[in-house]
There are 2 protein chains.
Amino acid sequence: MTTIYDIAKKTGFSITTVSRALNNYTDVSPKTKKLILEAVEDMHYYPNSVARTLSTKKSWALGIIFVEDLGIGMKHPFFNSVIEGFKKSVEQKGYDLIFLNRYVGGEKMTYLDHALHRGVDGIAVVSSNYDDVEVEKIIGSSLPNVIIDSHTSKSNVVYSDNMRGSELAVDYLYSLGHRNIAHISGHSKTFVGLERLRGFKSAVEKYQLHNSSIAEGGLFSVDGGYQAMKTLLQLENRPTAIFAAGDNLAIGAMKAIKDAGLNVPDDFSIIGFDDIELSGQISPSLTTIKQDMDKIGEQAAELLLQQINHKTDPTISIVPVELIKRETTKAIK
Amino acid sequence: MTTIYDIAKKTGFSITTVSRALNNYTDVSPKTKKLILEAVEDMHYYPNSVARTLSTKKSWALGIIFVEDLGIGMKHPFFNSVIEGFKKSVEQKGYDLIFLNRYVGGEKMTYLDHALHRGVDGIAVVSSNYDDVEVEKIIGSSLPNVIIDSHTSKSNVVYSDNMRGSELAVDYLYSLGHRNIAHISGHSKTFVGLERLRGFKSAVEKYQLHNSSIAEGGLFSVDGGYQAMKTLLQLENRPTAIFAAGDNLAIGAMKAIKDAGLNVPDDFSIIGFDDIELSGQISPSLTTIKQDMDKIGEQAAELLLQQINHKTDPTISIVPVELIKRETTKAIK
DNA sequence: CTGAAAGCGCTTACAG
DNA sequence: CTGAAAGCGCTTACAG
């Protein structure tokens, strides 16, 4: 590895001057700078970021944490898309992304301790879990952070307009003539599950739909939706439409309906929540509330970098959602 | 931030002794060690990994690189699952994962330069691209590395048994009575696309299926499969079965068949390659060649860590595939 | 069993 | 415009 000393030796300047030239200080003569930059090029030198970090206290690395105690897992397309958006945004500003976990060298530490140990400049937390001790610690720390898909007034948060999403779904079903609308809810320990449920209840209230029932769908899995739908199918007063808190739940419900020998959208209209890639590709394609994952990632990046650079106050960013009409919804006579 | 000096001051020992106690050196008296560890606990001290890295030349960080010039993108479920498996394996050994890109602080550098700059201990490259200058540089470097989904004899490589997968697919279709089998191939610039095509050709040769045709499916997208299938549908001598080089391609093909008013599996049997989550959930569910993504990730981790620790010779790890029989395949009379 | 000192590769006051 | 020196927070010969 070539170091700053090699460049100094080759050019005859001190490492101080080399460092200055490299960091675009103005008080280096153009001639000197040119010489140094040429040597840097020749010797294929890149400053060691570890040494730089040690002396500047700035790592140009951001930590990303998945709190997945509930076991939803990072394989869910939502998370990946959000991360992708986040990554793109921060890379542009020169930051690298580092996955933080709870184990370092075989020893268990908290996510926060790990972040501190690694010296990241900030943390993005993806936490579906409503109240988590680990996340509380991060929020309460002085390390800049942003929380995605959960809520707190003490830090930066980014999530979809879940309430509005539920409202859009019920509005649409109502406009199609449905009066008995059921909800397959997300896990009650998740922030988004609760919010979507709350939105559903408020919409149902608005239209005075006293028949509406709710089935617990659990952790946003296909199987959870399947089971919930089986419960709904046994109801005496069956719904004609189902709004599920996630696309996976909706897909599971569709399967249950099919297995019962019934049809979507003839017997049941269905709306999901997410708009994962799959939803447009299945048959019938799924009407759903689209979350703008890229935007969520970008927003998270923006809030986090803002805090890192200007120490702004905690900011809440609620990202708009959109109703995507497809084939699983149908007007009833 | 509390440092090793704080612990030294509090306990009255030198930083040398504190460091020794922390790193489990044997030549520290049990009593001293206990005192120091207590202080560490009390003061909530965690060693600064940046400083440690600077003095030991070991970062306990691994770089991960996506070469996605072709634009397949990291959102493809295959990559995410592989990364997940890789991540789990290396975390257990105390390594963190850091995403490497080509931009650092706004300036463009190669992936290798970035890795060197960051001081990672090794690199995992996910590269569908067959020959890539950047990847060549990494392979040719002295930094330990492993290449996933591409081939070279000069470094560690891990990929599925693509040839065997194609063979399994054709064998099965043949056993169902199909004699006119088409292949929707992956992009000819991708290693896996070429391998699966090669496997297909060899199987077709084995059974002397002179009718078999091939349609280019491009970059493993649903739309690519759709377009390829449209071509196949126009053939005078239509195939009765299609083996697609990816599940997305197969799903696209299914859509094209449906749009043409035809049916799977009645009019066409279809087999994909991947076994992405979606494949089991669509209707009809997709018969496919399952890749063991977790295993690929684990193998990559193992080879990389081996090279880091013992400087082993370049190793090729070919991960077995498996035929998953589902609803898109059917015997013909 | 313990400590003083040098060194890892940078940056940044301070001095000239 | 340039350089000598100190410092970032650790680890590791070397000495005792």
Side-chain angles (χ1 to χ4, degrees), chain A residues 1-37 39-40 43-61 94 104-105 113-121, chain B residues 1-37 39-40 43-61 94 104-105 113-121:
Chain A
M1 282 295 324
T2 102
T3 72
I4 197 170
Y5 290 95
D6 300 318
I7 305 296
K9 192 176 293 169
K10 173 152 188 188
T11 58
F13 292 101
S14 69
I15 60 161
T16 307
T17 301
V18 174
S19 177
R20 281 212 195 82
L22 250 27
N23 291 292
N24 288 313
Y25 277 56
T26 52
D27 56 350
V28 180
S29 87
K31 202 173 159 189
T32 304
K33 186 165 176 176
K34 184 156 171 287
L35 251 31
I36 290 175
L37 261 27
V40 164
M43 305 186 70
H44 206 75
Y45 166 71
Y46 278 103
N48 177 325
S49 81
V50 174
R52 174 178 288 176
T53 297
L54 186 59
S55 81
T56 59
K57 304 285 150 215
K58 167 108 184 167
S59 67
W60 290 97
V104 174
D113 287 332
H114 188 175
L116 261 18
H117 163 84
R118 269 285 174 204
V120 297
D121 298 333
Chain B
M1 284 295 324
T2 102
T3 73
I4 198 171
Y5 290 95
D6 299 317
I7 304 296
K9 191 175 294 170
K10 174 153 186 185
T11 58
F13 291 102
S14 69
I15 60 162
T16 307
T17 301
V18 173
S19 177
R20 282 213 194 82
L22 251 26
N23 290 293
N24 288 314
Y25 277 57
T26 52
D27 56 352
V28 180
S29 89
K31 202 172 156 187
T32 304
K33 186 166 177 176
K34 184 157 172 288
L35 252 29
I36 290 174
L37 260 27
V40 165
M43 304 187 70
H44 206 75
Y45 167 70
Y46 278 102
N48 176 326
S49 81
V50 174
R52 174 177 287 175
T53 298
L54 185 59
S55 79
T56 60
K57 305 283 150 220
K58 167 109 184 164
S59 66
W60 290 98
V104 174
D113 287 332
H114 189 174
L116 260 19
H117 163 84
R118 268 285 174 206
V120 296
D121 297 333

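Values below: every heavy atom of this structure, side chains too, minus hydrogens, waters and symmetry copies. Order of the sequence lines fixes the chain letters, A, B, ..., with proteins taken first and strands second; residue numbering starts at 1 for each chain.
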Practice prompt. Report yes if a side-chain nitrogen or oxygen of Thr17(B) is closer than 4.0 Å to either non-bridging phosphate oxygen (OP1 or OP2) of dG3(C); otherwise report no.
Written response: yes

note: His117(A), atom NE2; dC10(D), atom P; distance rounded to Å ~ 10 Å

inquiry  = Please classify the nucleic acid contact of Ser49(A) as base, sugar-phosphate, or nothing, using heavy-atom distances under 4.0 Å.
reply    = nothing

Which is true for Asn48(B) with a 4.0 Å heavy-atom rule: it touches a base, it touches only sugar-phosphate, or it touches nothing?
sugar-phosphate

Rounded to whole Å, CD1 of Ile36(A) lies from P of dT2(D) at a distance of 8 Å

Sorted by chain and number, sequence neighbours left out, side-chain contact (heavy atoms from CB on, under 4.5 Å) with Tyr25(B) holds for Arg20(B), Asn23(B), Asp27(B), Val28(B)

| task | Report which part of the nucleic acid Thr32(A) touches: base, sugar-phosphate, or nothing (heavy-atom distance under 4.0 Å, all strands). | result | sugar-phosphate

Taken to the nearest whole Å, CD1/Ile15(B) to P/dT11(D) is 9 Å

Quiz item: Under 4.0 Å between a side-chain N or O of Tyr25(A) and OP1 or OP2 of dT2(D)?
Solution: no

For Thr16(A), which contact category applies under a 4.0 Å heavy-atom criterion: base, sugar-phosphate, or nothing?
base

Counting only N and O atoms by type, is there a donor-acceptor contact under 3.5 Å from the side chain of Ser59(A) to the main-chain atoms of Thr53(A)? no

Residue-phosphate contact under 4.0 Å: Ser14(B) side-chain N/O, dG3(C) OP1/OP2: yes

Separation of dC8(C) atom C1' from Met1(A) atom CE, nearest Å, is 13 Å

N or O in side chain of Ser19(A) less than 4.0 angstrom from dC10(C) OP1/OP2:
no

Check the surroundings of atom NZ in Lys58(B): do more than 12 heavy atoms from other residues, nucleotides or ligands lie under 6.0 Å from it?
yes

Q. Within the pair Ser29(A) and dC1(D), is there a side-chain N or O less than 4.0 Å away from OP1 or OP2?
A. no

By nearest-heavy-atom nucleotide on DNA chain C, the more 5' of Lys57(B) and Pro30(B) is Pro30(B)

Atom CG of Leu54(B) and atom C1' of dG7(D) are separated, to the nearest Å, by 12 Å

TODO: Name the nucleic acid region contacted by Phe13(B), choosing base, sugar-phosphate or nothing; use a 4.0 angstrom heavy-atom cut-off, strictly under.
DONE: sugar-phosphate

Tyr46(B) atom OH is separated from dG9(D) atom P, nearest whole Å, by 18 Å

| said: Over 60° means perpendicular and under 30° means parallel, so tell me whether His44(B) and Tyr46(B) are parallel, tilted or perpendicular. | reply: perpendicular

Lys58(A) atom NZ is separated from dT12(C) atom C1', nearest whole Å, by 17 Å

Would you say Tyr45(B) places a side-chain N or O within less than 4.0 Å of OP1 or OP2 belonging to dC10(D)?
yes

Whole-Å distance, Asn23(A) CG to dA13(C) C1', equals 15 Å

